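Reckoned from all heavy atoms, side chains included, excluding hydrogens, waters and symmetry mates. Everything quoted here is computed from the prediction, not taken from an experiment. The chain is numbered in sequence order, starting from 1.
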Amino acid sequence: MAPSAVSPVRDALDYGPSLKTVYDDTIRFFLNGTRVILDEIDPEVTLLEYLRGIGLTGTKLGCAEGGCGACTVVISQYNPTTKQIYHASVNACLAPLASVDGKHVITIEGIGDVKTPHPAQERIAKSNGSQCGFCTPGIVMSLYALLRNNESPTEHDIEEAFDGNLCRCTGYRPILEAAQTFSVKNGCGKSTSNGGSGCCMENGNGAGGCGKIKSLDDGQPIKRFTSPGFIEYNRDTELIFPPTLKKHEFKPLAFGNKRKRWYRPVNLDQLLEIKSVYPDAKIIGGSTETQIEVKFKAMKYPVSVFVGDIPELRTYSFSEDHLEIGGNVILTDLENICQEAVKHYCDARGQVFEAMYKQLKYFAGRQIRNVGTPAGNLATASPISDLNPVFMAADCVLIAKSKDKVTEIPMASFFTGYRRTALEEDAIIAAIRIPVTKEKGDYFRAYKQAKRKDDDIAIVTAALHIRVDEKGIVEHCNLVYGGMAPFTVAAKKANKYLSGKMLAHPDTLEGAMNALESDFSLDFSVPGGMASYRRSLTLSFFYRFYHDILGGLKVESEHGDSQAVAELDRELSRGFNDREATSEYAKDTIGNPKNHVAALKQVTGEAQYTDDIPPLKNELHACIVFSTKPHAKIISRDYSAALDIPGVVDVVDKDDLHDPEDNKWGAPNFDDLFFAEDEVFTAGQPIAVVLATSQARAAEGVRAVKIEYETLPAIFTMEEAIEQESFHKFYRYIQKGDTKEAFKTCDYTFSGVTRMGGQEHFYLETNACLAIPKPEDGEMEIWTSSQNPTESQMFAAKILGVQANKVTARVKRLGGGFGGKETRCVLLSTIIALAAQKTKRPVRCMLNRDEDMVMSGQRHPFIAKWKVGVNKDGKLQALDIDVFNNAGWSFDLSAAVCERAMTHIDNCYKFPNLHVRGRLCKTNTMSNTAFRGFGGPQGMFIAESYMSEVADRLGMPVERLREINFYQDNDETHFNQTIQDWHVPLMYKQVLEESDYANRRTAIEKFNSEHKWRKRGLAIIPTKFGISFTALWFNQAGALVHIYHDGSVLVAHGGTEMGQGLHTKMTMIAAEALKVPMEDVYISDTSTNTVANTSATAASASSDLNGYAIWNACEQLNGRLAPYREKLGPKATMKDLAHAAYFDRVNLSANGFYKTPEIGYTWGENKGKMFFYFTQGVTASEVEIDCLTGTWTCLRADIKMDVGRSINPSIDYGQIEGAFVQGLGLFTMEESLWLRNGPMAGNLFTKGPGAYKIPGFRDIPQEFNITLLKGVTWENLRTIQRSRGVGEPPLFMGSSVFFAIRDALKAARADYNVKAKVGIEGGEDDGLLRLESPATPERIRLSCVDPIMERARVAPKEGEKSFFIAI
């Protein structure tokens, strides 16, 4: 049966008495090959909401702003620009239903299922490209779109296809490996045809032939080869474009209700008629900005007009002196038009189009470019638009049309203010006329700098145009910048200065730079922040452009700098995993590489997550009222307007609690609150829950709630908290030896301060919950995306006023967790359970991305004040250190995080004397929480920072300082634990050799001596990560194993599956123990009514704990089955054994249990064993930085991990890759910022993928090599299979990229004789590089000391503070 929309009753609508056009009100399209006709349409529903509403839940909601790609579907349609069928990958979360009429919508369910997967699905599954699986359907659909459109995709095409998709688990490499099996390898990854800067052969320096290709006889694409074990890909078997749609008549559409109406005109006259009647009507092309305004800013557009199906607006034509494009040409087509234009006009005359193409390549992601349009880009008037500076610098003319007239608007006068334009209300941008450059003398370039290369908004963008005459005198100049003012602006003073100047004259560059400084004189507190960096970029872009022109003029003057011209490029990703690492100890099942047990379900969209559970009868949707002030008294709460909204059923707040004491939670201190009481302590604290019959009505209800505040002083940063002595009641210390005495006797003492920021978890599935009240005895069933179902159960029972045995918390799987769903998920599940109890109806809630980010907490920022004693030979003698973390407003797990940081403050280095003290800063930010590594990465980062700074002050290579001070086997840590099975020194030696570290160091020194603006850096970093919960009682686990008559095995254990492959490993352990195939073992879900009193799935200990508990249960069963194995012989199947045992009345169920032995540490006394063992690793990374912009790329990373005897190397490699890339993000890219001023002061600014950047596909190392330690014994390791926990330890390996960047920056600073003074401790001007984490492009650029950077620096005036707060 064809799906149908579930819609409200339609209102009788007047579609405009002045409109002469007759409008149809029925949408007709195809969905996965089936015809769909909708004549009752909710005008406020997106395509994603429609799809999920009819049960196609494979398409996920990840961010609702088109920034993550989880909602990607393919829309096949006739393209009026190319006059061909195009299969567009689009973000369903943004697409209006009006946009699918006459098209074929293809979702993940439509291309394959578990039994008959599409080759794209199968290859990603078999290549271990899916971990948590929440992002996977979107990634598969992006690959599917590429394969449908491109019969012979190159390797570069493959990598580019995912620029609109994010994944937080995998580290991307296995996805790329799977996708590359579809590529046709036909050239160097750096060739211009593949989107690179030029192959060595093209650039004339490939004397020995291209290093990328061994043999290409005729340049023809090599035939695609299907790897063994994969389904062959045959394009002829794909879903056809329905013949009915080829004949589809596009009729003007109109539909809606009294709140909103949609129009879909199909020709320009209809559109202009609508605009004449409704001048305020919102024109929608791709809805890439509008839907975000509606969703997050509560903007209302009563009349919207979808213009994507008007052929006249999607044409283009070449004229002698210009190209004219329709305003609604999609950006993907514009990319192709630009390439065609360069060929049509030749390189010299097509420079504008080359520049435009360059900007378009990094303009959002492919899904956005498939729907976004130049007219939409112009009309939104974004000050950081990538395209608008190009249009303006090229002196384009906009053709504006209204019903009565046509107006030509020069780009120079189009922008009139912030988000304001000269376009009249009733007019639309019909076309853009783009002039071509002249054959000689014209130079046009475009530049962009962002936090991340792919799919990121610009910090500064520029299009620079200069024309010189035959004598080299500037006759036209138009330098245009975005990101430097409230709208795109020309550098008027610089343009005026340059006109008439001899460009190559030595004074011209200096004069232009002075003029640019005057044009863009930013205050330190400028909106958007980064004043110094933004000013430096305006100068750097021009400097690069200027020397590019000099090269073109062939006048390399004395002040010429050709090295400034080339921009940093990256090659195609490649890498190596040692697939034979486990061969010497692999058993029948354990030790062998196996795919994730749910991989095929995840790639086909069949895997069910919490919000995928089908709607229940009478179900309500919940939306939370969050505080908007960081610290304030609540004067009044008014819910009346919300309760008046149709569909809103109730509001739940603190007054609905059975007992006021029930409002407290957060063991062991119970200082957190489910609902704010009389005072709020952070922006994002829940005040109430609005319940409604739909999510949209609940959200509307939240916006109608009125909360009156009295603002109180707030504290944000650790420095403010330390100054004001704002601490939580917590103090810990570890002391070994006598640091005071050691400082007196050592040769040197050096001190410093190390600071690092926090990190957002950014799991792709936000926190979600479904609470189902039962009719008897106060029972409650809670489906929750929790790493900690027992805590979810216990707090729900407490707030409901029932015993824990009446509450069942259940978890099928999580779309990522990383610690963010260990405790903070309890806040959501508990208040939703209370709402369900009050209303006696099921209640569902899935947080929006911005809500999740403000409620769930982050990784703790840390600051450390340290003093190190060291001798001349490099031997460390003493460390005295104070460690502070930003806990936020309540304790949560901050104490345990601080404790772990303190225990890892040594990393891998022996200090005879060490005194570390830990405090928790109490601030008015969200309560920070567990995050993969749990304080360990912060402690080890502090360690590697003081090691780097001490090495610089000693004048010693830091690699040597590390080696001198490594722990040795059986040494004791500062917390008096003996180190056993110690392999860091061995792995350090192996990585140095395997990565060719010494020769690469020599090559880097040579490279750096020859390059002024490019510098390379190299670093090798070890890790030692303690495995065990520091809270002793958590180190236990239970399991329940059933064997059924048919020989199948059902396993239940206390761990939750969140992508880390826990269920896969547990299945393998049960299969190995019972000697049955893995296919006969099943784990349904994690539930508190099967295994009680479980610990959180955290601390990298879940395989150890739950694995042994399962093994214990299986051993009991094996004991009971032993007589039947003996009786029936070795060929007896489990079905035979179970059958015989059952008829003998033998119990075929067993409870298993395990607790970690030996551990138990006492703080203060510094006695007892803190950790059961240490997982270890060593990583070498090499980077290249562009000193003009701060851009960087990781050229290579070599990771070696000691994970003991791996249970499943495929899973472990996936954990290592994913953790490394997450760590790379932590230390180089991911930056959380709060607003300092304005109505949203104290609120998180970086609360979505638009502002918060995690690594993307092309941020991973270009060469990514991973090996597991082998050839050693683990004599003292007594875990299941002698394996080590692997989830958290590799994350710190990402810091190797940070320290490689630091190494490169030292070389850049040394060019200007800025070096650390050896043997002495100076002040701020001692030459020492103090680099804070994350090493963002801004921090990299600001760490440089070249003249351009120095002249761009903006000093704060007295009392002036930056626009953003970094806590």
Side-chain angles (χ1 to χ4, degrees), residues 114-115 582 585-601 812 1036-1055 1057 1061-1087 1089-1092 1094 1102-1155 1205-1208 1210-1211 1278-1283:
V114 167
K115 292 180 180 176
T582 63
Y585 56 76
K587 300 178 182 176
D588 291 344
T589 303
I590 286 180
N592 289 299
K594 302 284 185 182
N595 295 133
H596 195 294
V597 289
L600 272 175
K601 289 193 281 285
K812 184 68 177 177
Q1036 60 175 305
L1040 178 62
V1041 179
H1042 299 308
I1043 302 175
Y1044 292 96
H1045 287 198
D1046 62 355
S1048 63
V1049 179
L1050 180 66
V1051 174
H1053 62 91
E1057 175 58 56
L1062 181 62
H1063 282 357
T1064 304
K1065 286 186 174 182
M1066 297 305 97
T1067 300
M1068 294 174 72
I1069 288 169
E1072 185 74 47
L1074 295 172
K1075 302 300 179 191
V1076 297
M1078 271 186 70
E1079 295 74 25
D1080 289 353
V1081 181
Y1082 184 66
I1083 298 172
S1084 175
D1085 57 39
T1086 307
S1087 179
N1089 65 357
T1090 53
V1091 179
T1094 60
S1102 298
S1103 289
D1104 293 350
L1105 296 172
N1106 296 289
Y1108 250 135
I1110 290 170
W1111 192 270
N1112 174 253
C1114 291
E1115 286 298 285
Q1116 296 174 46
L1117 292 167
N1118 280 333
R1120 297 171 199 166
L1121 292 172
Y1124 303 98
R1125 290 188 191 277
E1126 187 175 341
K1127 178 180 177 182
L1128 298 175
K1131 292 186 178 180
T1133 63
M1134 182 57 75
K1135 181 177 180 179
D1136 299 331
L1137 298 173
H1139 206 65
Y1142 172 75
F1143 280 103
D1144 275 356
R1145 295 182 294 175
V1146 172
N1147 183 6
L1148 293 177
S1149 297
N1151 276 302
F1153 183 76
Y1154 173 76
K1155 63 177 181 180
R1205 293 182 175 177
S1206 173
I1207 294 172
N1208 183 335
S1210 291
I1211 296 293
R1278 282 173 295 145
T1279 56
I1280 191 80
Q1281 167 76 3
R1282 291 193 180 180
S1283 66

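Around atom NZ of K1075, more than 12 heavy atoms belonging to other residues, nucleotides or ligands sit under 6.0 Å away. Counting non-hydrogen atoms of other residues, nucleotides and ligands closer than 6.0 Å to NE2 of H1042 gives a total above 12. Residue-environment remark: OH (Y1142) stays at or below the threshold of 12 foreign heavy atoms within 6.0 Å.
K1065 and I1211 make their closest contact through CE-CG2, 3.8 Å (heavy atoms, listed as atom of the first residue, atom of the second, distance). Contact record, E1057 with H1063: OE1-N, 2.8 Å, taken as the closest heavy-atom pair. Taking all atoms of both residues into account, the shortest heavy-atom contact from C1114 to A1070 is SG-CA, 4.1 Å. Closest non-hydrogen pair, L1137 versus A1132, comes out as CD2-CB, 4.1 Å. Shown here for G1054 and N1106, the closest heavy-atom pair between the two residues is N-OD1, 3.2 Å. A pairwise comparison of heavy atoms in I1083 and T1067 identifies CD1-OG1, 3.6 Å as the closest pair.
Within the model, atoms CD1 of I1280 and CD1 of I1207 stand 6.5 Å from one another, a figure rounded to the nearest 0.5 Å. Summarising the geometry, atom NE2 belonging to H1053 is positioned 9.5 Å from atom OG1 belonging to T1090; distances are rounded to the nearest 0.5 Å. Atom-to-atom distance recorded for Q1281:CD and I590:CD1 is 5.0 Å, nearest 0.5 angstrom. Taken from CG in L1148 to NE2 in H1139, the straight-line distance is 11.5 Å, to the nearest 0.5 Å. Atom-to-atom distance recorded for L1128:CG and L1121:CG is 10.0 Å, nearest 0.5 angstrom. Going from atom CG of L1040 over to atom CZ of F1153 covers 14.5 Å, rounded to the nearest 0.5 Å.
Here the side chain of K1127 pairs no donor or acceptor atom with the backbone of A1122 at under 3.5 angstrom. Side-chain N or O atoms of D1104 include none that pairs as donor or acceptor with a backbone N or O of T1279 at under 3.5 Å. Panel note: side chain D1144, backbone A1141; no donor-acceptor pair is recorded below 3.5 Å. Here the side chain of T582 pairs a donor or acceptor atom with the backbone of G591 at under 3.5 angstrom.
By the 4.5 Å heavy-atom criterion applied to side chains, N1112 and Y1154 are not counted as neighbours. Contact of the S1048 side chain with the K1135 side chain is not registered, since no non-hydrogen atoms from C-beta on lie closer than 4.5 Å. Side-chain contact check for M1134 versus I1043: some heavy-atom pair is nearer than 4.5 Å. Contact of the R1125 side chain with the N1118 side chain is registered, since non-hydrogen atoms from C-beta on lie closer than 4.5 Å.
Between the side chains of D1085 and S1087, not a single donor N or O lies within less than 3.5 Å of an accepting N or O.
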Practice prompt. Decide side chain to side chain contact (heavy atoms under 4.5 Å, CB included) for Q1116 and V1041; before the verdict, give the C-alpha distance in whole Å, the side-chain angles of both, and the deciding distance to 0.1 Å.
Written response: CA-CA 10 Å; Q1116 296 174 46; V1041 179; over 6 Å; no
